**Student:** 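The following block contains the structure, expressed as structure tokens.
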Amino acid sequence: MAFEFQNILANHIPETSRVTPARKGKYDFAVAYPDPVSLPHTEILECLKEALEESGSELAVYPHPQGNTPLRQYIAEKIGRDRDINVSEDEIILGNGSGQPIDMICAVLLNPGDIAITDSFVYGGTLNTLRRHFADIRGVDSDEKGMDPEKLDAVIGEAIKSGRKPKFVYLIATFQNPQGWTIPEDRRKELLAVTQKHGVPILEDDCYADNRYDGDLPTSMANLDDTNSVMYVGSFSKTIAPGMSLGYMTAPKLILDRAMGVKSGRVSEFTAMAVEKYARKYLDSHIEEINSIQRTKRDAMLASLGENFGTSAEWSNPDGGLYIWVKLKEGSDIVALNERSVSEIDVGFHPGTNYSPTGKTGQDHIRLCYGYNEPEDITEGISRLANFLHKEGVLDS
Ligand SMILES: Cc1ncc(COP(=O)(O)O)c(C=O)c1O
């Protein structure tokens with residue numbers, strides 16, 4: 001008889017509420033892949049070779065507990081230059097992507113049942129991490145400028161009144177996943193005024209800051225805060241590749257110290273060596289190249305939505321990032337159509353419920369990622385999706 005692991009699962013281990021079809025569609029607008037064609041294998045290989053020739057024998061020893069020092073130096077320089085965050089390499093901890101630092105920050109701050117605030121639709125990976133730490137997640141609505149400060153004030157105020165001050169507010173202030181907006185500087189200041197008034201810190205997830213196609217890039221929340229209340233995470237997943245699995249955090253010293261206490265696993269020194277060399281030599285020009293490619297893809301998807309989705313849906317018009325957030329007819333239920341979309345028309349997308357703190361809102365929203373397919377396939381995939389949704393009565397003809 002097969003062993004029943006079900007009987008020994010830890011108490012309250014959350015079931016995943018994410019909806020992901022079993023196979024990838026040819027027109028894959030579901031998962032957040034960047035452009036696969038421009039992936040710089042040749043340059044990465046060249047940099048790996050150089051790094052190993054220079055310092056390969058260092059792989060014989062365990063790396064610095066905070067991760068490869070030259071890469072931490074590079075990150076400190078980069079976020080100083082691009083995000084106005086002035087820290088030294090001692091204040092940077094590398095992670096296996098930015099997901100690991102987010103998990104470490106949750107481990108440091110959250111007791112089971114603690115309140116954490118997010119947008120009312122937000123990156124599902126962080127929602128899953130918050131759930132794993134048994135957070136009580138409170139979503140705050142946004143408009144086209146991002147999280148609404150008055151609503152945030154009300155949600156924090158209500159939590160405090162009930163004797164449970166929120167532990168932090170998680171914000172993807174730039175090119176939000178999935179909603180696509182970027183919080184302008186004035187709104188960032190208003191949000192900080194609210195969090196500072198209540199004494200609640202912010203976890204700023206800035207992993208899309210480099211993926212800008214239009215408009216100005218507002219300075220980081222971390223820079224605008226003068227009370228040392230912002231913890232900051234970033235990643236190379238959206239600029240080099242998710243497969244490199246490299247991200248980082250910086251935060252006030254106490255959080256960094258405690259994060260080192262809860263960190264489990266090491267960050268690959270092998271990868272970090274190659275990425276440091278690659279980043280210094282090529283990353284800026286690579287970012288320019290991929291942004292030009294992603295701009296074309298975004299424009300192809302927006303044009304195809306305009307041609308095929310008619311007036312019964314609304315969608316975001318992002319200046320950067322990888323996603324378009326589509327609101328379908330009120331009351332539509334897209335979750336049931338997700339699997340069939342892949343099997344019948346080869347089009348993958350994510351239902352809005354994947355981004356909902358409760359998993360119960362967003363049935364009438366879809367997130368479309370335009371990073372992976374070529375523009376012609378994006379146009380074809382959106383047209384197929386529109387026909388499918390028309391037939392299912394989700395879009396008006
Ligand atoms: C907002 C946000 N944060 C973090 C991540 C995770 O990135 P990483 O691959 O660096 O763990 C993602 C990935 O899609 C994301 O969208």
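Numbers here simply count residues along the sequence, with the first being 1. First listed ligand is number 1; within each ligand, the first listed atom is number 1. Predicted model only: the values in this text are computed from it and were never measured. Note that these values count all heavy atoms, side chains included, but never hydrogens, waters or copies made by symmetry.
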**Student:** So which bit of Q100 gets within less than 4.0 Å of ligand 1, heavy atoms only: side chain, backbone, both or neither?
**Tutor:** neither
**Student:** Tell me, which protein residue and heavy-atom name are nearest atom 7 (O) of ligand 1, and how many Å apart are they?
**Tutor:** S98 OG, 3.4 Å
**Student:** Ignoring hydrogens and angles, state whether a donor on the side chain of D319 or T182 is under 3.5 Å from an acceptor on the partner side chain.
**Tutor:** no
**Student:** What is the nearest protein non-hydrogen atom to atom 9 (O) of ligand 1, stated with its residue, atom name and distance?
**Tutor:** S237 OG, 2.6 Å
**Student:** Say whether S235, considering both its backbone and side-chain N or O atoms, lies within less than 3.5 Å of an N or O atom on ligand 1.
**Tutor:** yes
**Student:** Inspect the surroundings of CZ in F134 and state if more than 12 heavy atoms from other residues, nucleotides or ligands are less than 6.0 Å away.
**Tutor:** yes
**Student:** Under the side-chain hydrogen bond (donor to acceptor under 3.5 Å, both in side chains) definition, can you give me all pairs with a residue in residues 241-252, not counting sequence neighbours?
**Tutor:** none
**Student:** Tell me whether the count of non-hydrogen atoms from other residues, nucleotides or ligands lying under 6.0 Å of CG in D216 goes above 12.
**Tutor:** no
**Student:** Which bit of Y208 is near ligand 1, meaning a heavy atom under 4.0 Å away: side chain, backbone, both or neither?
**Tutor:** side chain
**Student:** Consider only side-chain N and O atoms of D119 and Q176, and report whether a donor and an acceptor are under 3.5 Å apart.
**Tutor:** yes
**Student:** Under 4.0 angstrom from ligand 1, any heavy atom of G99?
**Tutor:** yes
**Student:** Holding to salt bridge (charged side-chain N to carboxylate O under 4.0 Å, His left out), I want the full list of residues that pass it with E344, two or more places apart in sequence or in another chain.
**Tutor:** R340
**Student:** Show which atoms of ligand 1 fall inside a sub-4.0 Å distance from at least one heavy-atom site of G97.
**Tutor:** 8 (P), 10 (O), 11 (O)
**Student:** Could you tell me the residue and atom name of the protein heavy atom closest to atom 12 (C) of ligand 1, and the distance to it rounded to 0.1 Å?
**Tutor:** Y123 CZ, 3.3 Å
**Student:** What atoms in ligand 1 come closer than 4.0 Å to a heavy atom of D205?
**Tutor:** 1 (C), 2 (C), 3 (N), 4 (C)
**Student:** Residue-level breakdown please: for C207 versus ligand 1, do any non-hydrogen atoms fall below 4.0 Å on the side chain, on the backbone, on both, or on neither?
**Tutor:** side chain
**Student:** Taking atom NZ of K329 as the centre, does the number of heavy atoms from other residues, nucleotides or ligands within less than 6.0 Å exceed 12?
**Tutor:** yes
**Student:** Considering only protein heavy atoms, which is closest to atom 14 (O) of ligand 1, and at what distance to one decimal place?
**Tutor:** K238 NZ, 2.8 Å
**Student:** Same cluster for I255 and V262 if Ile/Leu/Val/Met/Phe/Trp/Tyr side chains link at under 4.5 Å?
**Tutor:** yes
